[in-house]
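To keep things clear, I will list the structure first and then write my remarks on it.
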Amino acid sequence: MGPFTIQLPDDEAELRRRYEELKRLIHYHNYRYYVLNDPIISDYEYDRLMAELRAIEEKHPEWVTPDSPTQRVGAPPASEFRKVRHPAPILSLANVFDDAGLDAWLQRLARLDPAVLETDFTVEPKIDGLTVVLHYRDGVFVLGATRGDGEVGEDVTANLRTVRSLPLRIPTRPDGPKPPPYLVVRGEAYMTRADFEALNEQLRARGERPFANPRNAAAGSLRQLDPSVTAQRPLRLLTYQIVVYEGPDEPRTQWDALRYLEALGFPVVEADLCPDLDCAKRAYRKWLQRRPTWPYDLDGVVIKINDLELQRRLGAVGKDARGMIAYKFPAQEVTTTLRDIKVNVGRTGVLTPYAVLDPVEIGGVIVRKATLHNFDYIREKDIRIGDRVIVRRAGDVIPYIVGPVIAARTGEERIYEPPTHCPVCGAPVEKVEGEVALYCINAACPAQLSRNIEHFASREAMDIEGLGRKVAEQLVAAKLVNDVADLYYLKPEDLIPLEGFAEKKAHKLVEAIQASKDRPLERLIYGLGIRGVGAVTARLLAERYPDLDALRHATAEELSSIEGIGPVTAQFIVDWFRRKQHQRLLEKLRRAGVWPRASRPSPSAEDQPLAGLTFVITGTLPTMTREEAKAYIQRHGGRVTNSVSRKTDFLIVGANPGSKLRKAQTLGVPTIDEETLRRMVEDPGFREQLLAQRRRTQG
DNA sequence: GATCCTCGAGTTCG
DNA sequence: CTCGAGGATC
């Protein structure tokens, strides 16, 4: 059995002793791994211990008890869940949505019992999962239930057993206190966003229906009739309340209760202890700030009267406990009505549908539009005009439509048909074989043209100040420009008839356009908007070809010999230059004096301080913008890319770093700050030292 | 042929 | 920021 050779002692008593020891050890290592995230043995050693335990249990099945680590999966599928009456009501919470509501709560309580003005508070994150109630007799997990209606829940013991961070026997830590004979703990079962995404990925791959959000996924997983299915689901647990404590030395405050649960080896929510409500409000804002990057969904914080006796005295209104309150975050997911589906035309002619919504507030901003990605997406999700739809905006993420609320259908909804003609120019629409996107085939489509001009003028390209989307659309609508070269022939008097343009603004724009004539070649190439050619590829081309004429005559074979350019991109480039329309465009640019020639890279590039090094930037740097930092690194011979990989040499970290920091840490990519970057450039000795250190740690 | 890496393109609100 | 696809590498 298994990849391990197991030697068991012959002596019966010795074997029994070893068996108990193994159970204890494995529970402890589970706790280190799943609760503390700090394992002290390797997975291999862990598997070995498990194998040894199984070997003993095979020999002595009569020794096996439900708290054995092997029993996390094992119970047969149930046909339905048994009902369980909770030993005490599992109360819900009243909500407040702002500081004023919170103050009002305390004032109400103060009238009932002035003692609340003397007490302190705990502030705990409110996890968006589902409540579970866990029963322990003499330290052994015997029963787990869902909340149900607060009086009666469902017995999901077998499923909860499969949750790795749930202690099957307490104390889990060797130095933990002895638990009372009977203990009931309240907690939250939940799923992290990353685990949820991975699970949905699996479900989709198997052709099963994915879950709408992590909470539904957690609930669906816990209510599986077959525990072996639950065992495959990445459920987690955090506890935050003692419901019943029968025994001596009962904790008297919420804070002590949390510390006690922690000592027993439960995963416990991270709480703050606050002397007053001002502190609680600060804690609320701390969690609000953490929320976007927190690994799992939070819907607010729970503020509790710390003194448990006082909490008990305050009692409940209906099903809401008086002595605690939920201070809710602005919702991240709401339902609204989808009024219409409209279509955008991109610079490359791609048609992208978006939803026009009844405006709703999500996460503190009003959302009116949401992208629908592509036409397949609308069909797959069966989104219809007039549907109630769930809109989600998590963190700083762009809002998107999760799906329709089928139950709210009235029959009035209309099925959406993808356009057969471009909504802007009316030209027929084309679907490229093997691609999802629909394209407008008209190269002269005004929407494509104005997006093209916008791109040409953008900061990364020709950097023309005052020429954004709106002005680009105006110029196209007034037929003042038919391609980007026409910009350079504009005179102030052409602009004055346009809405919003007077003498001064017209002059300024013309000046800004003229000033862009001497931008380097790579920016011009990028600005042309050749399919497949972004900033990086444009730079490669500008290094290889001295001007647009040379590039124009390049063959596909020649282009694809450049490192970083393959046959596909090479063909895109050749095709672009082959078009009559683009040849005329080039001629006009040349006549207007927009004809940069590549500045040959200095031959000493090899000796530059950052030669051969790749950097990634995350967060806000103290004295440089991201663009400046990028230019600074490139000026000194280094490369800057967007995503962290093993090939990244250094991650430059500023304030409020994003997910790249975590990626760098898992990959072992060294992180430095702006100051260190400057020293690397300015102080060769320091640089050598740093690089030598990096080589050593890479092993 | 498979896998990893990098680049391009599109996206929302204030 | 994220996804998809092109390109490089083994």
Side-chain angles (χ1 to χ4, degrees), chain A residues 193-194 197 200-201 204 292-293 330 332 342-357 359-377 391-401 432-439 447-448 451-452 454-455 458 460-461 468-469 522 525-541 556 559-573 576 614-619 626 630 639-649 656-664 667 669:
Chain A
R193 282 197 282 265
E197 296 294 346
N200 266 358
E201 198 56 43
R204 270 192 291 267
T293 55
Q332 290 195 321
K342 291 190 175 174
V343 177
N344 267 329
V345 183
R347 161 166 78 83
T348 54
V350 178
L351 303 188
T352 323
Y354 63 94
V356 180
L357 305 166
V360 275
E361 184 176 326
I362 316 177
V365 302
I366 309 280
V367 173
R368 296 178 176 82
K369 293 191 284 189
T371 178
L372 291 164
H373 308 298
N374 56 59
F375 297 98
D376 284 1
Y377 186 85
V391 185
R392 190 177 170 84
R393 178 182 179 274
D396 255 348
V397 177
I398 292 161
Y400 69 98
I401 296 197
V432 177
E433 191 61 32
E435 280 190 63
V436 204
L438 294 182
Y439 287 88
Q448 286 186 51
R451 289 304 179 86
N452 226 307
E454 183 187 347
H455 169 74
S458 69
E460 289 249 278
R469 173 166 309 175
E522 62 197 71
I525 295 174
Y526 172 63
L528 293 175
I530 303 166
R531 195 166 166 208
V533 179
V536 175
T537 309
R539 199 183 160 91
L540 290 174
L541 294 171
L559 288 164
S560 49
S561 72
I562 300 173
E563 203 176 298
I565 297 174
V568 179
T569 312
Q571 197 55 50
F572 284 149
I573 297 168
W576 193 93
T614 303
F615 295 83
V616 175
I617 308 168
T618 185
R626 221 173 251 235
K630 194 171 167 182
R639 274 179 12 110
V640 179
T641 62
N642 278 322
S643 48
V644 178
S645 72
R646 255 167 298 172
K647 290 191 178 169
T648 310
D649 293 290
N656 300 321
S659 59
K660 289 172 193 168
L661 178 56
R662 226 169 26 167
K663 179 109 189 258
L667 290 175
V669 170

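Everything numeric in this text was worked out from a predicted model, so none of it was measured. Below, chains carry the letters A, B, ... as their sequence lines are ordered, and counting in each starts from 1.
To the nearest 0.5 Å, atoms CG (A:L541) and CG (A:L528) are separated by 10.5 Å. The OH atom of A:Y377 lies 9.0 Å from the CG atom of A:N374; values are rounded to the nearest 0.5 Å. We find the CD1-CG distance between A:I562 and A:L540 to be 7.0 Å, quoted to the nearest 0.5 Å. To the nearest 0.5 Å, the span separating OG1 on A:T569 from CZ on A:R531 amounts to 10.0 Å. For the atom pair CZ (A:F572) and CG (A:L559), the distance works out to 13.0 Å, reported to the nearest 0.5 Å. Taken to the nearest 0.5 Å, the CD1 atom of A:I530 stands 7.0 Å off from the CD1 atom of A:I525.
Closest contact between the side chain of A:E563 and the listed nucleotides C:dG7, C:dA8, B:dC7 involves C:dA8. Distance from the side chain of A:P567 is smallest to C:dG7 among B:dT12, B:dG14, C:dG7. Listed nucleotides B:dT11, B:dA9, B:dC13 differ in distance to A:R531; the shortest reach to its side chain belongs to B:dA9. Considering only the side chain of A:V568, C:dG6 comes nearest among B:dG10, C:dG6, B:dG14. When the nucleotides C:dG7, B:dT12, B:dG8 are ranked by their closest atom to the side chain of A:T569, C:dG7 comes out on top.
Remark: P of B:dT11 and NE2 of A:H373 are 10 Å apart, rounded to the nearest angstrom. One interatomic measurement links the two molecules: CZ of A:R451 to P of B:dT11, which rounds to 7 Å at whole-angstrom precision. Rounded to an integer number of Å, the gap from CD1 of A:I366 to C1' of B:dT12 is 13 Å. The CG atom of A:L357 sits 12 Å away from the C1' atom of B:dT12 (whole-angstrom rounding). With rounding to whole Å, A:L438 atom CG is found 16 Å from B:dG10 atom C1'. One can place CZ of A:R469 at 15 Å from C1' of B:dG14, the figure rounded to the nearest angstrom. A:L559 has its CG atom 17 Å from the P atom of C:dG6, to the nearest Å. Put simply, OH on A:Y400 is 16 Å from P on B:dC13, counting in whole angstrom units.
Shown here for A:P399 and A:V391, the closest heavy-atom pair between the two residues is CB-CG1, 4.3 Å. In plain terms, the two heavy atoms of A:I366 and A:P359 that are nearest each other are CG2-CB, 3.9 Å.
A heavy-atom distance below 4.0 Å to DNA chain B is reached by these residues of residues 342-350 of chain A, ordered by number: A:R347, A:T348.
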Can you give the donor-acceptor pairs under 3.5 Å from side chains of residues 343-356 of chain A to other protein atoms, not counting sequence neighbours?
none

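One finds no side-chain N or O of A:T371 lying less than 4.0 angstrom from the OP1 or OP2 phosphate oxygen of B:dG10.
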Report all interatomic pairs (protein N or O, nucleotide N or O of nucleotides 4-6 of chain B) with separations under 3.5 Å.
from: B:dC5; atom 1: OP1; to: A:R646; atom 2: NE; distance (Å): 3.3
from: B:dC5; atom 1: OP1; to: A:R646; atom 2: NH2; distance (Å): 3.1
from: B:dT6; atom 1: OP2; to: A:S645; atom 2: OG; distance (Å): 2.6

